[in-house]
Each structure stands twice: as C-alpha cells, then as structure tokens.
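To find a chain, count down the sequence lines: A is the first, B the second, and so on, and within it residues start at 1.
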2 protein chains.
Amino acid sequence: MIETNYTIEPIGFIRSALTRREAAPRQGFEGAPDAWLEINATVVEGLEGIAAGDEIILITWLHQADRDLLKVRPRRDPNRPLTGVFATRSPHRPNPLGLHRVRVLEIAGNRLKVEPLEAMDGTPIVDIKPVLPQSADS
Amino acid sequence: MIETNYTIEPIGFIRSALTRREAAPRQGFEGAPDAWLEINATVVEGLEGIAAGDEIILITWLHQADRDLLKVRPRRDPNRPLTGVFATRSPHRPNPLGLHRVRVLEIAGNRLKVEPLEAMDGTPIVDIKPVLPQSADS
C-alpha cells in the first residue's frame with residue numbers, strides 16, 4: 001500500500017454570525033444564514049468568472065472534527081444505529097472535508113457573500129467549484 | 001492571516017481501466033467507465049451503511065495537478081477565455097480535490113464497484129459522502 005500524505009492549504013476563511021457549534025444547523029437548507037467567504041489575496045485571481053447569482057460548491061476543512069471516529073449515530077440521534085462515517089455527513093471522518101452548495105449573493109474584491117451556509121465562523125475554505133449544469137451533482 | 005496547513009491522507013485508491021490522462025473523459029457523465037474503489041483496511045469500518053444502488057459523492061486528490069495555476073482555458077479550448085480555476089472544474093487548482101457523483105454497483109469487502117468515474121487508475125481517494133435526498137446537492 002502506498003502511504004502518502006498531502007498538504008492542504010486554506011484558500012480563505014468563512015466569516016459568519018455562527019460562532020457556536022451548538023447553534024449551527026446541520027445542513028445549509030435547514031435554516032442556515034448567509035456568510036462571507038474571505039479569499040486569500042494570493043489566490044484571488046482564481047475567482048475570475050464567478051458572478052453574483054451563481055451556484056457554487058464550497059469545500060471546507062472542518063478543523064474541529066475528530067479524525068479518528070469511523071462510526072457515528074447520524075444527527076447525534078441516540079435512537080439511530082451506529083453508522084460508518086462515509087455513509088453520513090458527520091464532520092467527524094478521517095479527512096474532515098465539508099461540502100456546501102451555496103448561492104453567490106455579492107462579490108466585493110476578495111470577499112464573496114453566499115447563502116445558505118451552516119459552517120462556522122473561522123472555518124478554513126479549501127476549494128470552490130462551479131455547479132455543473134449538465135449533471136445533478138456537484 | 002492565519003497560515004495553517006493540514007495533512008490529508010488517502011483512505012484508498014481508484015482501480016480503473018483508465019491509465020492515460022489523454023484517454024480520460026472530462027466528466028463522469030461524458031462516457032466514463034465503471035471502476036473499483038479500494039479502501040484501506042484501517043478505515044473500512046467507515047463504509048458500514050453504504051449499499052449497492054446508493055449514490056455517493058467521492059472526493060479524490062488529483063495528485064498530478066499543477067497547484068500553482070490560477071487561470072485556465074475551460075476544457076483546454078483555445079477559443080475560450082482564461083478563467084479563474086474556482087469557476088471551472090479543472091484539476092489544476094491550489095488544492096486539487098476532485099468531486100465525483102457515482103452509483104455503487106457492488107460491494108466486496110473493502111472494495112466498491114462504482115460508475116461512472118472519469119478519474120484515473122491510482123488516484124487517491126480522500127473522502128466518501130452520501131448524496132443528500134433532501135437537497136439537489138451533494
């Protein structure tokens with residue numbers, strides 16, 4: 001087995017009114033607020049082509065997650081069975097990547113206002129991708 | 001600005017008939033074949049709850065990408081303007097994460113057969129997530 005590690009560097013950070021994990025909704029469509037994406041000056045050129053109104057996929061690094069957990073009870077519901085983390089959207093997983101589909105409301109220099117976003121203030125952003133019109137995915 | 005790096009570790013690797021980059025389709029829905037996901041024994045417990053027929057989101061690390069490119073011509077089309085990488089699905093980007101929506105065809109121990117998958121043989125897998133039925137996203 002090839003044992004290789006890779007280094008991931010934040011391209012920016014989330015600025016949000018959500019500052020407490022307990023107050024954050026589980027998913028964006030569950031009543032999450034808007035938030036600002038503050039993109040590092042070194043990579044801001046990579047935003048060219050994104051416009052207000054676009055839907056984008058945001059990938060975050062959930063830096064407070066427990067990377068050793070392999071099973072969780074979905075939505076912390078004690079009545080649900082222990083489930084493998086790859087079958088859930090739990091933040092706890094070996095590589096704690098968060099996936100968020102949001103709409104761009106406004107662009108101001110290196111800052112993008114988006115909604116809805118359930119990730120907390122200070123969460124590192126690691127990638128942004130367009131939603132592909134040809135497929136339902138992202 | 002907080003300058004923090006994170007370490008990402010493959011949870012497995014793609015085994016595919018696609019071994020040459022030139023032969024790989026750009027997106028899964030553009031005629032990509034099926035492939036096997038070979039998951040490391042250390043994290044195989046995290047797969048529990050995934051079943052044949054499920055749609056999953058696969059996140060890969062596109063290890064051959066150029067991480068310094070911030071603008072590309074989409075689909076390498078010389079007639080298209082230079083576009084910021086975050087407005088494209090180019091593999092070239094600061095953190096070369098690939099996002100793939102696939103269907104699970106078969107599960108055999110630590111191996112999952114999925115389709116369609118445009119990523120090449122040997123590509124590191126870094127995360128697997130369920131598609132959320134409540135939202136159109138991923």
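- Both the backbone and the side chain of B/I8 come within contact range of chain A, each with at least one heavy atom under 4.5 Å from a heavy atom of that chain.
- Residues A/T60 and A/H100 bring a donor and an acceptor atom of their side chains to less than 3.5 Å of each other.
- Neither the backbone nor the side chain of B/P81 comes within less than 4.5 Å of any heavy atom in chain A.
- A distance-only check finds a donor-acceptor pair linking the side chain of A/D54 to the backbone of A/A51 [under 3.5 Å].
- Residues satisfying the side-chain hydrogen bond (donor to acceptor under 3.5 Å, both in side chains) criterion with A/Q64, sequence neighbours excluded, are absent altogether.
- Heavy-atom distances place the side chain of A/Q27, and not its backbone, under 4.5 Å from chain B.
- Only the side chain of A/I59 has a heavy atom closer than 4.5 Å to any heavy atom of chain B.
- B/V102 and B/L18 are assigned to two separate hydrophobic clusters, defined by single-linkage of ILVMFWY side chains at heavy-atom distances under 4.5 Å.
- B/D66 places a side-chain N or O within 3.5 Å of a backbone atom of B/D68 that can act as its donor or acceptor partner.
- In this structure, A/N40 contributes its side chain and A/T42 its backbone to no donor-acceptor pair below 3.5 Å.
- Between chain A and the residues B/G84, B/A87, B/G46, the largest count of heavy-atom pairs under 4.5 Å involves B/G46.
- One finds a salt bridge joining A/E55 and A/R101 here, because a Lys/Arg side-chain nitrogen approaches an Asp/Glu carboxylate oxygen to under 4.0 Å.
- Contact annotation for A/K129: both backbone and side-chain heavy atoms come within less than 4.5 Å of a heavy atom of chain B.
- Heavy-atom neighbours of chain B within the stretch residues 104-117 of chain A, taken at a separation under 4.5 angstrom, are nonexistent.
- Chain B is approached within less than 4.5 Å, heavy atom to heavy atom, by A/R93, A/P94, A/N95, A/L97 from residues 90-97 of chain A, ordered by number.
- Under the side-chain hydrogen bond (donor to acceptor under 3.5 Å, both in side chains) criterion, A/E45 pairs with no residue at all, not counting sequence neighbours.
- Within a 6.0 Å sphere centred on CD of A/E48, heavy atoms belonging to other residues, nucleotides or ligands number 12 at most.
- Nearest approach of B/T7 to A/W61, heavy atoms of both residues: O-CH2, 3.7 Å.
- Each of B/L82, B/T88, B/T83 has some count of heavy-atom pairs under 4.5 Å with chain A, and the biggest count is that of B/T88.
- A side chain to side chain contact (heavy atoms under 4.5 Å, CB included) with A/I11 holds for exactly one of A/V126, A/L37, A/I128; it is A/I128.
- Here the straight-line distance linking atom OH of B/Y6 with atom CZ of A/R67 works out to 10.5 Å at 0.5 Å rounding.
- Of the inter-residue distances, the one linking A/I14 atom CD1 with A/L58 atom CG reads 5.5 Å to the nearest 0.5 angstrom.
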